[in-house]
Asker: 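Structure below; questions to follow.
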Number of protein chains: 2
Amino acid sequence: MGATKLNIHSKDINTIAVVAKVFAHPARVSILQYISKQESCICNDIVDEIGLAQSTISQHLQVISKAGLLKGNFKGNSLCYCLNLERFQEFQELFNSFFNATKFNCC
Amino acid sequence: MGATKLNIHSKDINTIAVVAKVFAHPARVSILQYISKQESCICNDIVDEIGLAQSTISQHLQVISKAGLLKGNFKGNSLCYCLNLERFQEFQELFNSFFNATKFNCC
DNA sequence: TATCAATATCGTAATATTGCAATATTACGA
DNA sequence: TCGTAATATTGCAATATTACGATATTGATA
C-alpha cells in the first residue's frame, strides 16, 4: 500500500503529474527562477541564495536536470547550468493544453 | 529534519509549489479531467472510472476542493461537483506568468 | 423513524520526499 | 602530483503522501 498507482492512468495524465512534481517544491521553483536570472550559474551561489544545504540543493538540481530542464556545461568545478528553454516551453505548452482541454464546465 | 522549509521562500514561490502539488498526482489529474467531461458528477462514478478505493478518491477530491477548484452542490447523497472555472483559469494564468517570467536564458 | 445509498473520516501500513552531515568525487591550478 | 574548491553521493532521520479497509455520517425516501 501507499505507492502511487501509475498503471491505472493514461500516459498523458502521468506525464502531467511528473512535470507538475518538478514545480511542486518551493526550493525547485526558487532554483529555476534564480537560474533564469543569471548570466552563468554556480551551484554554490544558489546555496547562499536559497538557504538550504549544499547537498540538498544538489539533489533538487538533479530532479530538475532529470526532467530535462537544464542544459549547459556540466564539466569542471564551476558549472554553468542554463535553463533548457525549449524543454521549459514544452512544459508550458503541456500545461496549457491540459488546462485548455479541461475547461469544459458541467453545471 | 525532512519537513519542507517554507519560510525561506517568497510567498509567490510557495504559491506556485502549492498549486503545482494539486496536479502532481495522476489520480488528481484524472479526476479533474473526468469532472470536466461530465454534465454532473457523482463520486461513485469516479471510483469506477479511476480505479482507486472510494476513500482514496474522496481524499483526493478534498485536496482538489481545498485548492478551490470545485464548486457546486455539496449537499445530499449524490453530490454534483463542477470545476470552478474561474479558479482553474487563475491557476493557468499563475503558471503562465511563472513560465513567462522565467524564460530568460543565461547562455 | 428506520433504512439505504453516497460520501467522509479514521486508523494504519507502505512508500516517497525532504533535509542535513559526512564523505567522495571531480577538475583545475600551483 | 598535490591541494583545493565545487559539486555529487551516501546514509540516515524526520516528515509527508498515498492507499485501503472499516466505520461514521449524511440526506433522501419508504
Side-chain angles (χ1 to χ4, degrees), chain A residues 1-9 13-14 17-31 34-35 38 40-67 70-82, chain B residues 1-9 13-14 17-31 34-35 38 40-67 70-82:
Chain A
M1 243 181 284
T4 296
K5 291 187 170 181
L6 298 171
N7 58 312
I8 62 173
H9 306 289
I13 283 176
N14 282 320
V18 165
V19 169
K21 215 170 263 187
V22 176
F23 302 103
H25 195 285
R28 290 195 286 272
V29 178
S30 268
I31 290 172
Y34 180 75
I35 292 177
Q38 305 306 307
S40 66
C41 158
I42 296 160
C43 185
N44 206 250
D45 289 355
I46 296 188
V47 173
D48 299 339
E49 180 76 14
I50 313 280
L52 290 167
Q54 178 266 325
S55 57
T56 307
I57 298 286
S58 183
Q59 282 175 336
H60 281 303
L61 271 170
Q62 214 175 53
V63 173
I64 294 170
S65 182
K66 273 185 184 167
L70 299 180
K71 70 175 180 184
N73 179 24
F74 293 92
K75 300 165 200 157
N77 55 5
S78 65
L79 307 192
C80 174
Y81 302 129
C82 313
Chain B
M1 243 183 285
T4 296
K5 291 188 169 181
L6 297 171
N7 58 312
I8 62 174
H9 307 289
I13 282 175
N14 282 320
V18 165
V19 169
K21 214 169 264 189
V22 176
F23 302 102
H25 195 286
R28 289 195 286 271
V29 178
S30 268
I31 289 172
Y34 181 75
I35 292 177
Q38 304 306 307
S40 67
C41 159
I42 296 160
C43 184
N44 205 249
D45 288 356
I46 296 188
V47 173
D48 300 339
E49 180 76 13
I50 313 280
L52 291 166
Q54 179 265 324
S55 57
T56 306
I57 299 286
S58 182
Q59 282 177 335
H60 281 303
L61 272 171
Q62 213 175 53
V63 173
I64 294 170
S65 182
K66 272 185 184 167
L70 298 180
K71 70 174 181 185
N73 178 25
F74 293 92
K75 300 165 201 157
N77 56 5
S78 66
L79 307 193
C80 174
Y81 302 129
C82 313

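Computed from a predicted model, the values in this text were never measured in an experiment. Throughout, a chain's letter reflects where its sequence line sits, starting with A, and its residues are numbered from 1.
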Asker: Roughly how many Å is it from CG in L61(B) to C1' in dA6(C), rounded to a whole number?
Answerer: 13 Å

Asker: Whole angstrom is fine here: how far is it from NZ in K66(A) over to C1' in dT9(D)?
Answerer: 12 Å

Asker: Set out, in order, the CA-CA distance, both residues' side-chain angles and the distance that settles side-chain contact (heavy atoms from CB on, under 4.5 Å) for I50(B) and H9(A), then state yes or no.
Answerer: CA-CA 8 Å; I50(B) 313 280; H9(A) 306 289; 3.7 Å; yes

Asker: Output the single nucleotide from dA8(C), dG21(D), dT18(D) whose closest atom is nearest the side chain of Y81(B).
Answerer: dA8(C)

Asker: Rounded to whole Å, please give me the gap between NZ in K21(A) and P in dA16(D).
Answerer: 17 Å

Asker: My understanding is that only residues two or more places apart in sequence, or in another chain, count here; which of them pass side-chain contact (heavy atoms from CB on, under 4.5 Å) with T56(A)?
Answerer: L52(A), A53(A), H60(A)

Asker: Check every atom of dA19(D), dG19(C), dT18(D) against the side chain of L52(B) and return the nucleotide holding the closest atom.
Answerer: dA19(D)

Asker: Show your working on side-chain contact (heavy atoms from CB on, under 4.5 Å) between L6(B) and I13(B) and close with a plain yes or no.
Answerer: CA-CA 9 Å; L6(B) 297 171; I13(B) 282 175; over 6 Å; no

Asker: Using the side-chain contact (heavy atoms from CB on, under 4.5 Å) rule, take L70(A) and I35(A) through it: C-alpha gap first, then chi angles, then the decisive distance, then the call.
Answerer: CA-CA 9 Å; L70(A) 299 180; I35(A) 292 177; 3.8 Å; yes

Asker: Let me know the distance between CD1 of I8(B) and C1' of dC20(C), rounded to the nearest Å.
Answerer: 13 Å

Asker: Send over the distance from I50(A) CD1 to dC20(C) C1', rounded to a whole Å.
Answerer: 17 Å

Asker: Rounded to whole Å, how long is the line connecting atom CG of N7(B) with atom P of dG19(C)?
Answerer: 11 Å

Asker: Restricting to non-hydrogen atoms, name the atom on A24(B) and the atom on A24(A) that form the minimum distance, rounded to 0.1 Å.
Answerer: CB-CB, 4.1 Å

Asker: Go through the steps to decide whether D45(B) and Y34(B) satisfy the test side-chain contact (heavy atoms from CB on, under 4.5 Å), and finish with yes or no.
Answerer: CA-CA 10 Å; D45(B) 288 356; Y34(B) 181 75; 3.4 Å; yes

Asker: Which residues satisfy the side chain to side chain donor-acceptor pair (under 3.5 Å) test with T4(B), sequence neighbours excluded?
Answerer: H25(A)

Asker: Give a yes/no answer on whether the side chain of H60(B) brings an N or O atom under 4.0 Å of OP1 or OP2 in dT17(D).
Answerer: no

Asker: Take atom NZ of K5(A) and atom C1' of dT18(D), then tell me their distance rounded to the nearest Å.
Answerer: 10 Å

Asker: Just by modelled atom types, is the V22(A) backbone N or O under 3.5 Å from a matching donor or acceptor in the R28(A) side chain?
Answerer: yes

Asker: Give me the distances for all protein-to-nucleotides 9-11 of chain C N/O pairs that come in under 3.5 Å?
Answerer:
from   : atom 1 : to     : atom 2 : distance (Å)
dT9(C) : OP2    : Q62(B) : NE2    : 2.4

Asker: Stem ranges for DNA chain C, with three or more consecutive Watson-Crick or G-U pairs under 3.5 Å?
Answerer: C:1-30 with D:1-30

Asker: Check this one for me: any side-chain N or O of H25(A) less than 4.0 Å away from OP1 or OP2 of dG19(C)?
Answerer: yes

Asker: Can you identify which nucleotide, out of dG19(C), dC20(D), dT15(C), has its nearest atom closest to the A3(A) side chain?
Answerer: dT15(C)

Asker: In whole Å, what is the span from the CD1 atom of I64(A) to the P atom of dT18(C)?
Answerer: 11 Å

Asker: Taking all non-hydrogen atoms of both residues, which atom of V29(A) and which atom of F23(A) are closest, and how far apart?
Answerer: CG2-O, 3.4 Å

